[in-house]
Amino acid sequence: MRRSCAMNAPFPPDLRPELHRRVLDWYADHARVLPWREPGCSPWGVLVSEVMLQQTPVARVLPQWEAWTARWPTPSDLAADAPGEAVRMWNRLGYPRRALRLHAAAVAIRDEHGGQVPDDHAALLALPGIGAYTAAAVASFAFGQRHAVVDTNVRRVHARAVTGDAEPAAALTAAENRLAVALLPDDEATAARWAVAVMELGALVCTARAPRCDDCPLLERCAWVLAGRPPHTGPARRGQAWAGTDRQVRGRLLAVLRESPDPVTAEGLAACWADAGQRDRCLDGLVADGLVEPLDDGRFALPRT
DNA sequence: GAAACGTGGAC
DNA sequence: TGTCCAAGTTT
């Protein structure tokens, strides 16, 4: 094992029941009504929501999720369409590779899992675009299993309420995972409820910018509050540049292709960015990523195969 | 482990 | 008004 066990001291087991009760009671009264939380929502609907919600706010996901699940009610429905249709339907959700990977996941589910979203964590993790968080989230939310579901909301709640820090570390650490596992209720159904409840607390109350501590069920037990709300000590996380970056160019190129019902000529793409060198490089990148397909006639299209 | 990867609302 | 931030994954 490792160094510094003191820093990784296990959470006191005797405090867990109170923690669980406070958060679960709060969730019972304050959970948002979201379509992917409805009892009738399929595992596929949950999976689609989780991928869409990666780095994307709920408010922007809602209409896209409705459109996607209406058009493709099952993985096989999506797998039967061209991947470019998934990219087109992604609209402006951002990170369009997620759409491509969701399509690839649908193909894998159809071909390797009989068209049913697998309920096994390892099988979920093996799907394209499904990482540690999403695999645990789907296994927990869709199938009621007991998993540590660690997203940015959960990390923030744990950092403040349990560890006493204003913010979690820049990247997910092994200690954070161990803590999340240690906090998990023993009972499977309760663990699944706990997972979504902690996330909801982070999303609605224990927020990044201005936490609503007065509304928090953990206020009297919050390590960060009890420590006097010390400011974050670590390095400030640096923001992402945007203007003039390849990401902006890629976004513009893909927007042109999404909005055109037909393949687009090189001239049609040239209008969206003046710097030909950067434009061509980004277009090559999109082709390499499989988001754009070059046609034999020199035009470009969203991927058809 | 760092860097790349979209987009738009909020403050 | 520009920065911050949103249910991460991949290389």
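These figures come from a predicted structure and were not determined experimentally. Every chain is numbered from 1 and lettered A, B, ... according to where its sequence line falls, protein lines coming before strand lines.
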Next on the checklist: Can a side-chain donor-acceptor contact be found between A/Arg92 and A/Gln64 if the only test is distance below 3.5 angstrom?
Outcome noted: no

Next on the checklist: By the 4.0 Å heavy-atom rule, please label A/Gln240 as base, sugar-phosphate, or nothing.
Outcome noted: base

Next on the checklist: Any side-chain to backbone donor/acceptor pair from A/His103 onto A/Ala99? Under 3.5 Å, distance only.
Outcome noted: no

Checklist entry - When rounded to the nearest 0.5 angstrom, what distance separates SG in A/Cys272 from CG in A/Leu257? => result 8.5 Å

Checklist entry - Using a distance-only test with no angle check, is there a side-chain donor-acceptor pair under 3.5 angstrom linking A/Gln145 and A/Asp119? => result no

Checklist outcome for this item: Per the under-4.0 Å heavy-atom filter, residues of residues 134-156 of chain A near DNA chain B come out as none

Item to check | Spacing of the P atoms in B/dC11 and C/dA7 (rounded, Å) | outcome: 15 Å

Checklist entry - Using a cut-off of 4.0 Å on non-hydrogen atoms, how would the nucleic acid contact of A/Ala132 be classed: base, sugar-phosphate, or nothing? => result sugar-phosphate

Checklist outcome for this item: Nt span of DNA chain C in reach of chain A heavy atoms at under 4.0 Å, 5' end first, is C/dC4 to C/dT10

Next on the checklist: Checking side-chain polar atoms at under 3.5 Å, does A/Arg146 have a donor or acceptor matched by the opposite partner on A/Thr190?
Outcome noted: no

Checklist entry - Base, sugar-phosphate, or nothing for A/Arg60, non-hydrogen atoms under 4.0 angstrom? => result base

Checklist entry - Within the structure shown, what part of the strands sits under 4.0 Å from A/Arg101 by heavy-atom distance: base, sugar-phosphate, or nothing? => result sugar-phosphate

Item to check | Qualifying salt bridge (Lys or Arg N to Asp or Glu O under 4.0 Å) pairs, either residue in residues 192-220 of chain A, two or more places apart | outcome: A/Arg22-A/Glu220, A/Arg32-A/Glu200, A/Arg37-A/Glu200

Next on the checklist: Using atom P in both nucleotides, what's the gap between C/dT9 and B/dG8 to the nearest angstrom?
Outcome noted: 23 Å

Checklist entry - Under a 4.0 Å N-O cut-off, is there an ion pair linking A/Arg250 with A/Asp289? => result yes

Next on the checklist: Quick check: on DNA chain B, is the nucleotide nearest A/Arg247 upstream (toward 5') of the one nearest A/Pro57, or the reverse? Name the residue that is more 5'.
Outcome noted: A/Arg247

Checklist entry - For A/Trp44 and A/Trp72, what are the C-alpha separation, side-chain angles and deciding distance, and is it a ring-ring contact (aromatic ring centres under 6.0 Å, His included)? => result CA-CA 10 Å; A/Trp44 171 242; A/Trp72 298 304; 8.8 Å; no

Next on the checklist: Check whether A/Asp81 reaches the backbone of A/Leu78 with its side chain - one donor and one acceptor, N or O, closer than 3.5 Å.
Outcome noted: no

Next on the checklist: With side-chain contact (heavy atoms from CB on, under 4.5 Å) as the test, pick out the partner of A/Pro168 among A/His232, A/Arg160, A/Arg155.
Outcome noted: A/Arg155

Checklist outcome for this item: To the nearest 0.5 Å, atom CG of A/Asp165 lies from atom CZ of A/Arg156 at 14.0 Å

Next on the checklist: Base, sugar-phosphate or nothing for A/Gly131? Non-hydrogen atoms, less than 4.0 Å.
Outcome noted: sugar-phosphate

Next on the checklist: On DNA chain C, does the nearest nucleotide to A/Ile130 precede the nearest nucleotide to A/Leu53 from the 5' side, or the other way round? Give the residue.
Outcome noted: A/Leu53

Checklist entry - Pick from A/Pro263, A/Pro294, A/Ser260: which one makes a side-chain contact (heavy atoms from CB on, under 4.5 Å) with A/Phe300? => result A/Pro294

Item to check | Where at least one partner belongs to residues 142-176 of chain A, residue pairs that pass ring-ring contact (aromatic ring centres under 6.0 Å, His included), sequence neighbours excluded | outcome: A/His121-A/His147

Checklist entry - Can you list the stems that DNA chain B is part of, where a stem is at least 3 pairs in a row, each Watson-Crick or G-U, with both distances below 3.5 Å? => result B:2-5 with C:8-11, B:7-11 with C:2-6

Checklist entry - A/Trp36 near the nucleic acid: base, sugar-phosphate alone, or nothing, with a heavy-atom cut-off under 4.0 Å? => result base

Item to check | Earlier contact from the 5' end, DNA chain C, for A/Leu127 and A/Ala203 | outcome: A/Ala203

Checklist entry - Can you give the first and last nucleotides of DNA chain B, 5' to 3', that have an atom under 4.0 Å from a heavy atom of chain A? => result B/dC5 to B/dC11

Checklist entry - Under 3.5 Å, is there a donor-acceptor pair linking the side chains of A/Tyr133 and A/Glu50? => result yes

